[in-house]
2 protein chains.
Amino acid sequence: MISLSEQEALAFMSRCYRRQFKRKAVLSEDEKIIDEVYFIEKGIIRVKINDLSGAEHTVHFAIENQFIADYRAFITREKSSYELEAIEDTEVIVLPKAGIEWGYQSLKEGEKLGRLIAEYYFTYLDRRIEHLYTLSPLQRYDLMNQIFPNIHNRVPQHMIASYLGITPIHLSRIKKNRLS
Amino acid sequence: MISLSEQEALAFMSRCYRRQFKRKAVLSEDEKIIDEVYFIEKGIIRVKINDLSGAEHTVHFAIENQFIADYRAFITREKSSYELEAIEDTEVIVLPKAGIEWGYQSLKEGEKLGRLIAEYYFTYLDRRIEHLYTLSPLQRYDLMNQIFPNIHNRVPQHMIASYLGITPIHLSRIKKNRLS
DNA sequence: TGAAAGCATAAACAAATGTTATCGTTTGTA
DNA sequence: TACAAACGATAACATTTGTTTATGCTTTCA
């Protein structure tokens, strides 16, 4: 996204570190201030939220070679709405807030990188909203398997149904329906 | 969001101009490359999209003192998914792409401003997605009237229903239901 | 100013989706 | 290894939401 000298890259990476999580471990709790972004080297993470009636919703998945965080809470410094949970044993690189801010200020094109990243994730959410308006749950199910390759073989179906905003029973039904 | 000298502000504004649209006029067409962002001085704009079956969905509203554009298409340089339509006679300030890019490169804190803007709109969409998962249509109807003050008195109800992802008949029903 | 179009609501019905319960299988763990 | 928990599918039933049609009211505009 930007040009970066090897020196700069090393200086940034020296501010990050590796961390491991067991299956079902919580990387990031809701109601907390968020000071870390994660890059997934191995594993799967789901982002969940509880509504007022206590129901749990899966808002997002993240797999290998993707960044994940409650980026909104990271930006706004408000309490996190989401909980990040490892679905498989997971290995991440932790990018602490201090390191990221160092990057914005000290890398030659740091602010530009920050803009391009924020723009990238904006476009991701904007596409999601477009799809929520224009696609059926089954179409979004298929799309999801493109975006997160093969995810339906790594994640229980009820979490996928939750992500789609429908019940697992209903997802089972529409998948069966497609065959006929 | 950033510190800006008066000189810088004037130089930027000299790159913008004012434009007026009649009710029902189209500011920005879908399938086009997007080179403008608008700031609304007066009026209301809705952002719409058509799905494959031809149904029309209202994805967003924008009112006085807000910026509006297909920001995704503006960023990615891909064809626009949305159509922007004036609901009332509307007066906007046009910020051409060339002017915005001049700002990123020439304002002292231009790139930082760009990052903060992208981050701001990211948080807006992230909140919307949170609400889509956790709130009922009626709760989102109420929230919407806070976000766009008094909008239900300025916009036909079937557009609001479309924004909420339900039929106008159903919106009428749940509003009636609330009274009892 | 009058006709037409747009709009909100209502009722009756149809379709989609959720709820509860059951069953057989797989998975995790003691 | 054995047992409990998690999981996916299915059926029966309940609820929600959409569709169609109709009505009366307002707005628009020629």
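Every chain is numbered from 1 and lettered A, B, ... according to where its sequence line falls, protein lines coming before strand lines.
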Expressed in angstrom and rounded to an integer, what is the separation of [X] atom [atom1] from [N] atom [atom2]?
X: A/Ile166; N: D/dA9; atom1: CD1; atom2: P; value: 12 Å
X: A/Arg140; N: C/dT17; atom1: CZ; atom2: P; value: 11 Å
X: A/Asn177; N: D/dA9; atom1: CG; atom2: C1'; value: 14 Å
X: A/Ile174; N: C/dG18; atom1: CD1; atom2: C1'; value: 13 Å
X: B/Asp89; N: D/dC29; atom1: CG; atom2: P; value: 10 Å
X: A/His57; N: C/dG18; atom1: NE2; atom2: P; value: 12 Å
X: B/Met159; N: C/dG6; atom1: CE; atom2: C1'; value: 10 Å
X: A/Leu171; N: C/dT19; atom1: CG; atom2: P; value: 15 Å

Original post:
Relative to B/Phe122, does A/Arg72 satisfy both conditions: NZ or CZ under 6.0 angstrom from the six-membered ring centre, and within 45 degrees of the ring's axis?
Top reply: no
Original post:
Start at the 5' end of DNA chain C and walk down; is the nucleotide closest to B/Lys175 or to B/Lys24 reached first?
Top reply: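 Closest to the 5' end, via its nearest nucleotide, is B/Lys24.
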Give the nucleotide from the list [options] with an atom nearest to the side chain of [X].
X: B/Lys176; options: D/dG18, C/dA10, C/dA8; answer: C/dA10
X: A/Pro156; options: D/dG8, D/dG18, D/dT28; answer: D/dG8
X: B/Thr167; options: C/dG18, D/dC7, D/dT19; answer: D/dT19
X: B/His158; options: D/dG8, C/dA8, C/dT17; answer: C/dA8
X: A/His170; options: D/dT17, C/dT17, D/dC29; answer: C/dT17

**OP:** Start with the C-alpha gap between A/Tyr141 and A/Ile160, add the side-chain angles, then the distance that decides, and say whether side-chain contact (heavy atoms from CB on, under 4.5 Å) holds.
**Re:** CA-CA 8 Å; A/Tyr141 176 83; A/Ile160 294 181; 3.8 Å; yes
Subject >> Whether over 12 other heavy atoms sit under 6.0 Å from A/Arg77 CZ >> reply: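 Yes.
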**OP:** Compute the ring centroids of A/Tyr71 and A/His60, then answer whether they are less than 6.0 Å apart.
**Re:** no
Subject >> Ring center gap for B/Phe67 and B/Tyr38 short of 6.0 angstrom >> reply: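 When the ring centroids of B/Phe67 and B/Tyr38 are compared, they turn out to be at least 6.0 Å apart.
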Original post:
Hey, does the side-chain of A/Arg173 have a donor or acceptor N/O within less than 3.5 Å of a partner on the base of C/dG18?
Top reply: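 Yes, a donor-acceptor pair under 3.5 Å.
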Original post:
Under 4.0 Å between a side-chain N or O of A/Gln157 and OP1 or OP2 of D/dA9?
Top reply: yes
**OP:** Describe the nucleic acid contact of A/Ile169 in one word from base, sugar-phosphate, nothing, applying a heavy-atom distance below 4.0 Å.
**Re:** base
